[in-house]
Amino acid sequence: MLSVLDLVPFGQTAHGPRFYALRLSHPQWAEWHPGQFLMLRPQSFGLEIPWGRPLCICHLTTRHLICFFEVKGRGTERMANLSPGDNVEAWGPLGNWFDMETEKPTLIVAGGMGIAPFVGYVNRHPKPWNMTMLFGHRQPLGCYPVDSINEHIPVDSLREDKEGDLDNFIFSIQERMRDCAEQEGLTLACGPEPFLRTVQKFALEFGSRCQLSLEKRMACGVGACLGCVTKTRDGRLLQTCWHGSIFDADKIII
């Protein structure tokens, strides 16, 4: 059981605050790696919402744990009403984590909420000068924790709010991934499935080393309910929460 320290709205959308940074008491985990996640279930869920919600771990310090979420349904809507002192059930850290190939160039490609796991990644990377980020988003830039990343590495952001913006973003992904592949670098990506399919397509085209962090609906988070399966290229079905949520791009079908 963890306690809520504070809940801070991020930016402003046309529909009011929809993005939040949630700071929780330290979970006393022995170890955590960037890319892992936790399952969170506030006591306020009661009997109405039986399952927890998967949240990427944005960052973990010696004092607290920080998650970042967007209000999308009744669970996250309920989470947006948390107050300091509220208790939440949290189990984790869950899943695997991103590789760190410190001597090679690393390109981070994030779409929307897929930016969250990279806050902790760039903070922990011993050679941030070897990293760059390309970030695509639909809401105003202030709705995302970009500043926490930009203080460590350069971030190029492209917002999709008019015709042609998506094509420009896809072209930028292609060019940046091509350049990274030519340098035998590593590409890391997190975001919605259509975005990840695009990244995967270029990774296969260029034969580049690429890891994808999948955003899946999850119930248990520990591989028991089989509600978040991912199909591999050799025909297997794997629980995303248990075998992922990070996979090599050439190993799965999105």
Side-chain angles (χ1 to χ4, degrees), residues 1-29 32-46 49 51-94 108 110-125 128 133 135-153 155 157 159-161 190-192 213 215 218 221 245:
M1 192 73 70
L2 303 181
S3 296
V4 174
L5 300 180
D6 54 43
L7 182 69
V8 180
F10 249 79
Q12 185 78 17
T13 71
H15 304 288
R18 306 293 290 177
F19 297 82
Y20 293 87
L22 174 63
R23 192 164 63 100
L24 301 170
S25 57
H26 195 281
Q28 303 302 316
W29 294 332
W32 162 75
H33 300 278
Q36 291 184 295
F37 67 98
L38 58 76
M39 296 296 296
L40 189 76
R41 189 178 185 279
Q43 289 187 326
S44 60
F45 277 14
I49 307 175
W51 298 106
R53 294 295 185 267
L55 292 183
C56 170
I57 301 165
C58 198
H59 194 39
L60 181 67
T61 74
T62 56
R63 295 176 295 172
H64 52 241
L65 180 151
I66 301 173
C67 293
F68 184 70
F69 70 91
E70 177 184 3
V71 175
K72 285 192 170 183
R74 60 176 186 154
T76 47
E77 189 77 57
R78 192 77 60 90
M79 286 163 50
N81 292 316
L82 287 169
S83 300
D86 287 350
N87 291 324
V88 297
E89 295 179 64
W91 53 103
L94 303 172
I108 297 172
M113 287 294 296
I115 194 173
F118 298 115
V119 174
Y121 186 88
V122 302
N123 188 273
R124 284 204 171 188
H125 199 287
M133 171 180 273
F135 176 49
H137 57 101
R138 290 180 176 174
Q139 299 299 335
L141 194 62
C143 293
Y144 307 93
V146 177
D147 289 345
S148 298
I149 295 177
N150 201 28
E151 64 184 18
H152 295 281
I153 68 171
V155 178
S157 62
R159 184 180 180 187
E160 182 189 347
D161 64 354
C190 183
S213 179
E215 294 181 352
M218 298 179 186
S245 58

_We want to know whether H137 and R159 form a side-chain donor-acceptor pair, criterion being a heavy-atom distance below 3.5 angstrom._
no
Do [X] and [Y] touch side chain to side chain, with heavy atoms closer than 4.5 Å?
| X | Y | result |
| --- | --- | --- |
| H33 | P93 | no |
| L94 | M39 | yes |
| L82 | P42 | yes |
| W29 | L38 | yes |
| I153 | Y121 | no |

*Starting from the C-alpha separation in whole Å, work towards a yes-or-no answer on side chain to side chain contact (heavy atoms under 4.5 Å, CB included) for V122 and I108.*
CA-CA 10 Å; V122 302; I108 297 172; 3.9 Å; yes
Strictly distance-based, threshold 3.5 Å: is any side-chain N or O of [X] a donor or acceptor partner for the main-chain N or O of [Y]?
| X | Y | value |
| --- | --- | --- |
| S25 | S3 | yes |
| R53 | W51 | yes |
| T61 | H64 | yes |
| W91 | L40 | no |
| R23 | V8 | no |

How many angstroms lie between [atom1] in [X] and [atom2] in [Y], if you round to the nearest 0.5 Å?
| X | Y | atom1 | atom2 | value |
| --- | --- | --- | --- | --- |
| L55 | L22 | CG | CG | 7.0 Å |
| L24 | I57 | CG | CD1 | 10.0 Å |
| K72 | M113 | NZ | CE | 7.5 Å |
| D161 | Q139 | CG | CD | 10.0 Å |
| T76 | R18 | OG1 | CZ | 7.5 Å |
| C67 | F37 | SG | CZ | 11.5 Å |

*CA sep, side-chain torsions, deciding dist, call: M133, I115, side chain to side chain contact (heavy atoms under 4.5 Å, CB included)*: CA-CA 10 Å; M133 171 180 273; I115 194 173; 4.1 Å; yes
*Quick check: are there more than 12 heavy atoms from other residues, nucleotides or ligands sitting under 6.0 Å from CG of D147?*
no
*Parallel, tilted or perpendicular, as decided by the 30° and 60° cut-offs, for the rings of F19 and F68*: parallel
Considering all heavy atoms of both residues, which atom of [X] and which atom of [Y] are nearest to each other, and what is their separation?
| X | Y | answer |
| --- | --- | --- |
| R41 | I49 | NH2-O, 3.0 Å |
| E215 | C190 | OE2-SG, 4.2 Å |
| Y20 | A80 | CE1-CB, 3.7 Å |
| C56 | A116 | SG-C, 4.0 Å |
| L65 | L60 | CB-CD1, 3.7 Å |
| G35 | S245 | O-OG, 4.5 Å |

*Show the numbers, then the answer: is there a side chain to side chain contact (heavy atoms under 4.5 Å, CB included) between W32 and R124?*
CA-CA 11 Å; W32 162 75; R124 284 204 171 188; 3.2 Å; yes
_As a quick check of understanding, evaluate side chain to side chain contact (heavy atoms under 4.5 Å, CB included) for Q43 and V88, giving each step before the final call._
CA-CA 6 Å; Q43 289 187 326; V88 297; over 6 Å; no
*Does the ring center of F118 lie less than 6.0 Å from the ring center of F135?*
no
